[in-house]
Amino acid sequence: MNVASWLKRASRLDPARVALYAGTAPWATYGALLRRVSRVAGGLRRRERLAPGDRVAIAMRNAPEYLVALYATWWAGLAAVPVNAKLHPREVEFIVANAGARCVIDDPAQVAALEGDAIDCEPCDAAELAWLFYTSGTTGRPKGAMLSHRNLVQMTLGYFGNVDAVAPTGRLLHAAPMSHGSGLYTFTHLATAASQVVPESGAFEAGEVLELLDRHDDVSMFAAPTMVKRVAGAARASPRGLRTLVYGGGPMYLADLHEATARLGERLAQIYGQGESPMTITVLSKFHHADRANPRHEARLASVGVPQHGVEVALRDSAGRDVAPGEPGEVCVRGDVVMSGYWGQPEASAQALRDGWLWTGDVGVMDADGFLTLKDRSKDLIVSGGSNIYPREVEEVLLRHPGVAEACVVGRVDREWGEVVVAFVVPRGAAPDTAELDRLCLEHIARFKRPREYRFVDGLPKNHYGKVLKSELRAALR
């Protein structure tokens, strides 16, 4: 099944329905979108002389033309390689070369220039490559996770079954980069002939997002936790048009979650996934966010929820044995959402995919009710004096202090202890007293987990998706 066939279905259902908005202005109906997509697809096949299976890199900022380029790529039977436009040119060059892309689309005007004679949607097998999803590359070179049409279809069905229903009257707001999470969610609204909204700025601006949420109705959107925090901080009242805000892609600390709920209302849902199993490992639904009567409500808010339908999740030790509930283990995933491997990297593929299971590299604990709480990436684990310390546990405590805006904990090599805990802290105003931070830690976690050193900084190094680059913090310690 070609995922672009959903565009044909939507156009038949209601060709006059607005498919895309640029801000608040209608940009294309479904009938017009189909005609444009089929012509751009014709240009890719005939003018660019691309054959089914060839890769097309898309390195644009968010724009309505981005979706035209995506759909045209699949319509022509090609594979899309979305690239974050904020990357350094050398990083883009690496991805394009690694993917063997035969065409690069990096400007909205280029999409119109590609238009040729319309062609029909190319049929393809569900197992064929659809999206080459490059990891964010927080350590080393990014790897291209190979996602098939089947993976994307299953991911979309998982949203309907686990996160939210989408009516034809619904709208999807693309505030996050379409090269990653927001672009993956395009299918939820395409499949139901609903509308999509692209901010006129082509970027994330909290004020613009809030304005669009008040001007449009029944709006869903995907956002990284840092974006949720900024939108919530800018909101003076709960946005009228917001239906569901799905967050993921990094840790959402409890203090930030409580503030976001107070400002935005009971409209938040969390998903946990990776590029290797996009958006679809676990879900913490809107119901679970709002279920305050549950005695374990606070613990559940600190989790990433329960396994999604159609996905098996197991926690295993280094020997591959399942661990008991409450014991930490590496999160392993199996199902039709899991990638087929990394592009051109058989050794890395064999390491990540073992006996049909994806080993995520994330360490977590699953309670008796099936809720998964992530501890950290396995590579971020700190071992001090033979004891395991998960940085997120320490970060959660530090963020309880009103004078701490952000915190990131890493390990520093130590001759006596192996590693000791160091906390990088972004203060909110004047730097808090370290003795206060020590007392706070001793109230909530074991003494051996308390930071041995606090470093107050103006900001934390982050990649283009808002993830903190712990490798840079470790390098600073060295």
Side-chain angles (χ1 to χ4, degrees), residues 133 135-136 138 145 147 151-152 154-164 176 180-185 188 220-229 244-254 256-257 260 268-289 296 299-316 323 325 328-339 352 357-367 369-380 390-393 395-396 465-468:
F133 190 107
T135 60
S136 55
T138 53
L147 303 179
N151 293 148
L152 299 181
Q154 185 63 36
M155 177 194 70
T156 305
L157 297 178
Y159 183 92
F160 296 147
N162 297 278
V163 182
D164 203 7
H180 280 62
S182 197
L184 287 167
Y185 270 168
T188 60
S220 300
M221 63 178 286
F222 171 80
T226 52
M227 296 168 61
V228 176
K229 185 175 180 179
T244 303
L245 197 167
V246 180
Y247 64 92
M252 173 65 91
Y253 296 105
L254 275 173
D256 295 335
L257 180 56
L268 277 72
Q270 180 181 193
I271 56 92
Y272 160 55
Q274 297 182 328
E276 295 84 346
S277 181
M279 321 294 274
T280 46
I281 296 177
T282 63
V283 60
L284 189 68
S285 68
K286 287 193 288 187
F287 170 80
H288 289 127
H289 277 79
R296 291 188 50 77
R300 289 182 173 182
L301 287 182
S303 78
V304 291
V306 296
Q308 294 196 21
H309 301 134
V311 180
E312 294 179 78
V313 178
L315 270 63
R316 293 179 171 154
V323 300
E330 183 166 346
V331 180
C332 299
V333 184
R334 182 167 66 178
D336 282 345
V337 296
V338 174
M339 68 170 184
W357 291 82
L358 168 68
W359 289 64
T360 66
D362 290 329
V363 176
V365 172
M366 188 172 286
D367 67 18
D369 298 329
F371 284 79
L372 173 65
T373 299
L374 295 181
K375 293 297 186 179
D376 265 297
R377 295 288 292 172
S378 56
K379 65 178 182 295
D380 291 333
Y390 295 101
R392 180 173 177 178
E393 185 178 7
E395 292 161 359
E396 287 275 15
Y465 309 105
K467 293 182 180 179
V468 176

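Residue numbers run from 1 in the order of the sequence given.
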Under 3.5 Å, side chain of [X] to main-chain N/O of [Y], donor-acceptor pair present?
{"X": "Q274", "Y": "T360", "value": "yes"}
{"X": "T156", "Y": "Q154", "value": "no"}
{"X": "E330", "Y": "V363", "value": "no"}
{"X": "T282", "Y": "V304", "value": "yes"}

Below 4.5 Å, heavy atoms only, C-beta onward: do [X] and [Y] meet side chain to side chain?
{"X": "E395", "Y": "Y253", "answer": "yes"}
{"X": "L184", "Y": "L152", "answer": "yes"}
{"X": "Y159", "Y": "Q308", "answer": "no"}
{"X": "D336", "Y": "V338", "answer": "no"}
{"X": "Y185", "Y": "I271", "answer": "yes"}
{"X": "V306", "Y": "V313", "answer": "no"}
{"X": "K229", "Y": "M252", "answer": "no"}
{"X": "E276", "Y": "T135", "answer": "yes"}

Nearest-0.5 Å distance that lies between atom [atom1] in [X] and atom [atom2] in [Y]:
{"X": "M279", "Y": "T188", "atom1": "CE", "atom2": "OG1", "answer": "9.0 Å"}
{"X": "S303", "Y": "L284", "atom1": "OG", "atom2": "CG", "answer": "5.0 Å"}
{"X": "R392", "Y": "T373", "atom1": "CZ", "atom2": "OG1", "answer": "8.0 Å"}
{"X": "S277", "Y": "L147", "atom1": "OG", "atom2": "CG", "answer": "9.0 Å"}
{"X": "W357", "Y": "C332", "atom1": "CH2", "atom2": "SG", "answer": "7.0 Å"}
{"X": "I281", "Y": "L372", "atom1": "CD1", "atom2": "CG", "answer": "8.5 Å"}

Give the minimum heavy-atom separation between [X] and [Y], together with the two atoms involved.
{"X": "V323", "Y": "P328", "result": "CG1-O, 3.7 Å"}
{"X": "G370", "Y": "P307", "result": "O-CD, 3.5 Å"}
{"X": "A352", "Y": "M339", "result": "CB-CE, 4.3 Å"}
{"X": "A145", "Y": "G275", "result": "CB-O, 3.8 Å"}
{"X": "H289", "Y": "A269", "result": "CE1-CA, 3.8 Å"}

| request: Using a strict cut-off of less than 4.0 Å between a Lys/Arg side-chain nitrogen and an Asp/Glu carboxylate oxygen, indicate whether K375 and D380 qualify as a salt bridge. | output: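 No.
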| query | Are the charged groups of R300 and D369 less than 4.0 angstrom apart, N to O? | reply |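 Between D369 and R300 there is a salt bridge, with a charged N closer than 4.0 Å to a carboxylate O.
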| request: Report the C-alpha separation of V228 and T226 in whole Å, then their side-chain angles, then the decisive distance to 0.1 Å, and conclude whether the side-chain contact (heavy atoms from CB on, under 4.5 Å) test is met. | output: CA-CA 5 Å; V228 176; T226 52; over 6 Å; no
| said: I'd like to know whether F160 forms a ring-ring contact (aromatic ring centres under 6.0 Å, His included) with H309, so could you lay out the CA-CA distance, the side-chain angles of the two residues, the decisive distance to 0.1 Å, and finally the verdict. | reply: CA-CA 10 Å; F160 296 147; H309 301 134; over 10 Å; no
| Working for side-chain contact (heavy atoms from CB on, under 4.5 Å), residues D362 and Y272 | CA-CA 11 Å; D362 290 329; Y272 160 55; 2.6 Å; yes
| note | salt bridge (charged side-chain N to carboxylate O under 4.0 Å, His left out) filter on D164, not counting sequence neighbours, yields R243, K286
| Pick one: which of V246, V311, V163 meets side chain to side chain contact (heavy atoms under 4.5 Å, CB included) with V283? | V163
| task | Decide ring-ring contact (aromatic ring centres under 6.0 Å, His included) for H180 and F133; before the verdict, give the C-alpha distance in whole Å, the side-chain angles of both, and the deciding distance to 0.1 Å. | result | CA-CA 8 Å; H180 280 62; F133 190 107; 4.6 Å; yes
